[in-house]
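Below, read A as the first sequence line, B as the second, and so on, with proteins coming before strands; counting in each chain starts at 1.
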Amino acid sequence: MGDWKRTHYCGQLTADDIGKDVCLMGWVQRRRDHGGLIFIDLRDREGFAQLALDPDRDPEAHMKADKVRNEFVVAVQGKVSPRPEGTVNPKMKTGEVEVEVHELRVLNTAKTPPFMVEDYVDVAENTRLKYRYLDLRRPSIQQNIVLRHKITRSAREYFDGEGFVEIETPFLTKSTPEGARDYLVPSRVNPGTFYALPQSPQIFKQILMVAGYDRYMQIVKCFRDEDLRADRQPEFTQIDCEMSFVDRDDVLRIMEGMIAKVFKETIGVDVALPMPRITYAEALSRFGVDNPDLRFDMELVDISDTARECGFKVFADAVAWGGVVKGMNLKGGSSLSRKELDDLTDFVKIYGAKGLAWAKLTPDGWQSPIAKFFKPEELERINHLLQAETGDVLVFVADSFRVANDALGRLRVHLGHKLGLIEKDSYAFTWVTDFPLLEWDGEMRRHVAVHHPFTAPMDEDVPLLDADPGKVRAKAYDLVLNGSEIGGGSIRIHDKAVQSRMFDLLGIDEDEARIKFGFLLDALEFGAPPHGGIAFGLDRLAMILTGSDSIRDVIAFPKTQKATCLMSEAPGPVDEKQLKELSIRLATRPKQ
RNA sequence: GGGGCUGUAGUAGAGUCGGUUACAACGCCGGCCUGUCACGCCGGAGGUCGCGGGUUCAAGUCCCGUCAGCCCCGCCA
């Protein structure tokens, strides 16, 4: 670079800069050699600038430009000038100007990249991940990463203004029962023992409340050793909060404000407050899932009462065995072909449904393989319940409450996309409240916490803890955006007796509770304030705000579905010496 | 653990019914070109058809296995 100092970003040059002497530094996007004149598109974080190298004006710079190739790192000094009449490029932000280069320095050469560093090239994901540093140079990914920064900046600003204190909690901590599989870290100093990387800072943030910090927040990595999905990585980031002396409504109100500020400051969208709320029970009943996508209608309708008496054995039996029959009206869906309807049947089978009954509403009534099993008045009643009109398609699942809701709920979202019911750039928020506290686990033959073991039951349901634990509702809440759970939290138990009762119900005996998180139980006995909090999934929030289909597009260095990093080749084998220091012997040799 | 999709020059693709030397595009290399901007024109190089096995006179193509990437189920308090 010599003594050169960059004066401008490439992407920020405008007509206002005409006449200025500038120094730019960046990467060569493309070189266009006209025999005489050479043009170079120079790229940096902020965009592109066209460099013009004229052999008559600056022969030495022109000669150097002749040797320049894609992705070379180049510095230039020159004058910003208006482009000649007729050569303005309206497609380019800096298309009105160019830099007349007087001097050019090649700061570094580059091998020919394995793929073009451009937005529109379609490259296999494994190639992108192996050369992640090149992929990250692409403008669209850079915009995602910068937008992610804006999210955390806005959130921190907001929380600071609301009196929150950012406090770090340990990564080397203790394995806790319940929840996801832990990532373990062996302790060298204490042979045979392990730290666990936190699945969330849950216990520590509660202890910070006991410690009197009152309002805590942290933007923090969490680790869960579970299988990956398009929106799930083994290490991910939470915007984590906890507050003392608050009830549920306090938490929701303050958190809505944060989300609204983030939306305004990242993508300029005004979020209407307060956000709508729906109970867990209502969400399940109307949408089949606890993360309803409210960008479109097409609600589920329970027709069990009609199905119970009907002549179609599949429906009647399902109800007789304690299940339900639910249906959905695909408004104007008669354009769906027989093949497409069959595909929908395959779709619901993924979620355990045994089949999907369907009926097309023609001017003559039901056109359906199952029409013959129903009396006219039964069809009439079902049509009425589903508000069916000519041109609609009705679909039904008869199964257990869980399977019918799950299958139709997922089908609803599938069809919402397939039938184009979702308006682009729309953001439908809802709080989901009143989750059940506990869920019966048939395999483990005991209750498990729906949220986590520190979630408080609703006051009016506390008596049910003994009578009917499965019926107890929790002071828990999720924030759902466009059908994606972007945050979840609860008011916590701050009373040792209730906490002990909870462990009891979870089949965690006192000794085990003491070993696993006795320190929290101890802390609860030293003046724990009423408290509660929430954690937002930063990655999912960033996905939605950037319109990304994959979580990998909003994480600088993501992992593959097998939880490997193709760039660093982690995880990898370690030296025998390292293992010995850690008192570890391998039962399995790593695959070569 | 299970289901599905994909894998062919550096990149992303075509490759018919199993049949001659595996195509054209972008990129790359060389040459020409003074207003392009996905510059243009001419020429050239570049292949372990993911890997292993099988069927066959003959396999990119068919079969079996395996590996990798992606999507999903299970899992993810």
- Tell me whether the OP1 or OP2 atom of rC71(B) has a side-chain N or O from Gln561(A) closer than 4.0 Å. yes
- Task: Tell me which residues in residues 25-44 of chain A put a heavy atom below 4.0 Å from RNA chain B, sorted by number, or none.
- Result: Arg30(A), Arg32(A), Asp33(A), His34(A), Gly35(A), Gly36(A), Leu37(A), Phe39(A), Asp41(A)
- Item | Donor-acceptor contact below 3.5 Å, side chain Asp44(A) vs main chain Glu46(A) | yes
- Task: Hunt down the Watson-Crick or G-U wobble partner of rG19(B), both distances under 3.5 Å, from any strand shown, or write none.
- Result: rC57(B)
- Query: Hey, are Asn70(A) and Gln29(A) close enough side-chain-wise for a donor-acceptor pair under 3.5 Å?
  - Reply: no
- Roughly how far apart, to the nearest Å, are rU8(B) and rC76(B) at atom P? 36 Å
- Tell me what Phe454(A) touches on the nucleic acid: a base, only sugar-phosphate, or nothing, going by heavy atoms under 4.0 Å. nothing
- Note on the structure: As its Watson-Crick or G-U partner within any shown strand, both distances under 3.5 Å, rG7(B) has rC67(B)
- Task: Mind calculating the distance between CG (Asp122(A)) and P (rA14(B)) to the nearest angstrom?
- Result: 12 Å
- Query: Quick one: the side chain of Arg232(A) and the base of rC76(B), do they pair up donor-acceptor inside 3.5 Å?
  - Reply: yes
- Query: Can you find an N or O donor on one side and an acceptor on the other, under 3.5 Å apart, linking the side chain of Asn70(A) with the base of rG27(B)?
  - Reply: no
- Message: So that I know where these two stand, are Phe223(A) and Phe236(A) an aromatic pair - ring centroids less than 6.0 Å apart?
- Response: no
- Figure out the CD1/C1' separation between Ile551(A) and rC70(B), and round it to whole Å. 15 Å
- Message: Between rA45(B) and rU6(B), how many Å separate the two C1' atoms, rounded to a whole number?
- Response: 29 Å
- Value for CG (Leu13(A)) from NE2 (His8(A)), rounded to nearest 0.5 Å, stands at 6.0 Å
- Item | Integer-rounded Å distance: rG35(B) C1' and Leu53(A) CG | 13 Å
- Length of the line joining Leu228(A):CG and rC73(B):C1', which is rounded to integer Å: 15 Å
- Message: Measuring only the C1' atom in each nucleotide, how far is rG18(B) from rA58(B)? A whole number of Å is fine.
- Response: 8 Å
- Starting at atom CG of Leu51(A), determine the distance to atom C1' of rG35(B), rounded to an integer number of angstrom. 14 Å
- Task: In whole angstrom, give me the gap between the C1' atoms of rC26(B) and rG13(B).
- Result: 11 Å
- Item | Length of the CD1-C1' vector between Ile350(A) and rG74(B), whole Å | 13 Å
- Task: Can you figure out which of rG35(B), rC71(B), rC73(B) approaches the side chain of Tyr351(A) most closely?
- Result: rC73(B)
- Which atom of Lys559(A) lies closest to which atom of Leu228(A), heavy atoms considered: O-CD2, 4.2 Å
- Message: Quick check on rA38(B): is either OP1 or OP2 less than 4.0 Å from any side-chain nitrogen or oxygen of Lys91(A)?
- Response: yes
- Do the side-chain N or O atoms of Arg410(A) get closer than 4.0 angstrom to the phosphate oxygens (OP1, OP2) of rC73(B)? yes
- Message: From CD of Glu226(A) over to C1' of rC76(B), roughly how many Å is that when rounded to an integer?
- Response: 5 Å
- Message: In whole Å, I'd like the distance from the CD atom of Gln233(A) to the P atom of rG69(B).
- Response: 12 Å
Please tabulate, one pair per line, each protein N/O and nucleotide N/O from nucleotides 5-8 of chain B that are separated by under 3.5 Å, including the distance.
none

- Query: With respect to the phosphate group of rU34(B), does any side-chain polar atom (N or O) of Arg57(A) fall under 4.0 Å of OP1 or OP2?
  - Reply: no
- Task: Classify the side chain of Arg229(A) and the base of rG74(B) as holding, or not holding, a donor-acceptor pair under 3.5 Å.
- Result: yes
- Task: Report yes if at least one side-chain N or O of Lys562(A) is closer than 4.0 Å to OP1 or OP2 of rG69(B); otherwise report no.
- Result: no
- Query: Phosphate oxygens OP1/OP2 of rG69(B): is one of them under 4.0 Å from a side-chain N or O of Thr564(A)?
  - Reply: yes
- Query: Using atom C1' of each nucleotide, how far apart are rG52(B) and rG31(B) to the nearest Å?
  - Reply: 46 Å
- Message: For the P atoms, the ones on rU20(B) and on rA59(B), what distance do you get once it is rounded to whole angstrom?
- Response: 12 Å
- With sugar-phosphate meaning primed atoms plus P, OP1 and OP2, does Pro84(A) contact a base, only sugar-phosphate, or nothing at under 4.0 Å between heavy atoms? base
- rC37(B) base to Arg83(A) side chain: any donor-acceptor pair below 3.5 Å? yes
- Task: Ignoring backbone atoms, establish whether Thr560(A) has a side-chain N or O less than 4.0 Å from OP1 or OP2 of rG69(B).
- Result: yes
- Query: For rG30(B), which nucleotide is its Watson-Crick or G-U wobble mate, given both distances must be under 3.5 Å?
  - Reply: rC42(B)
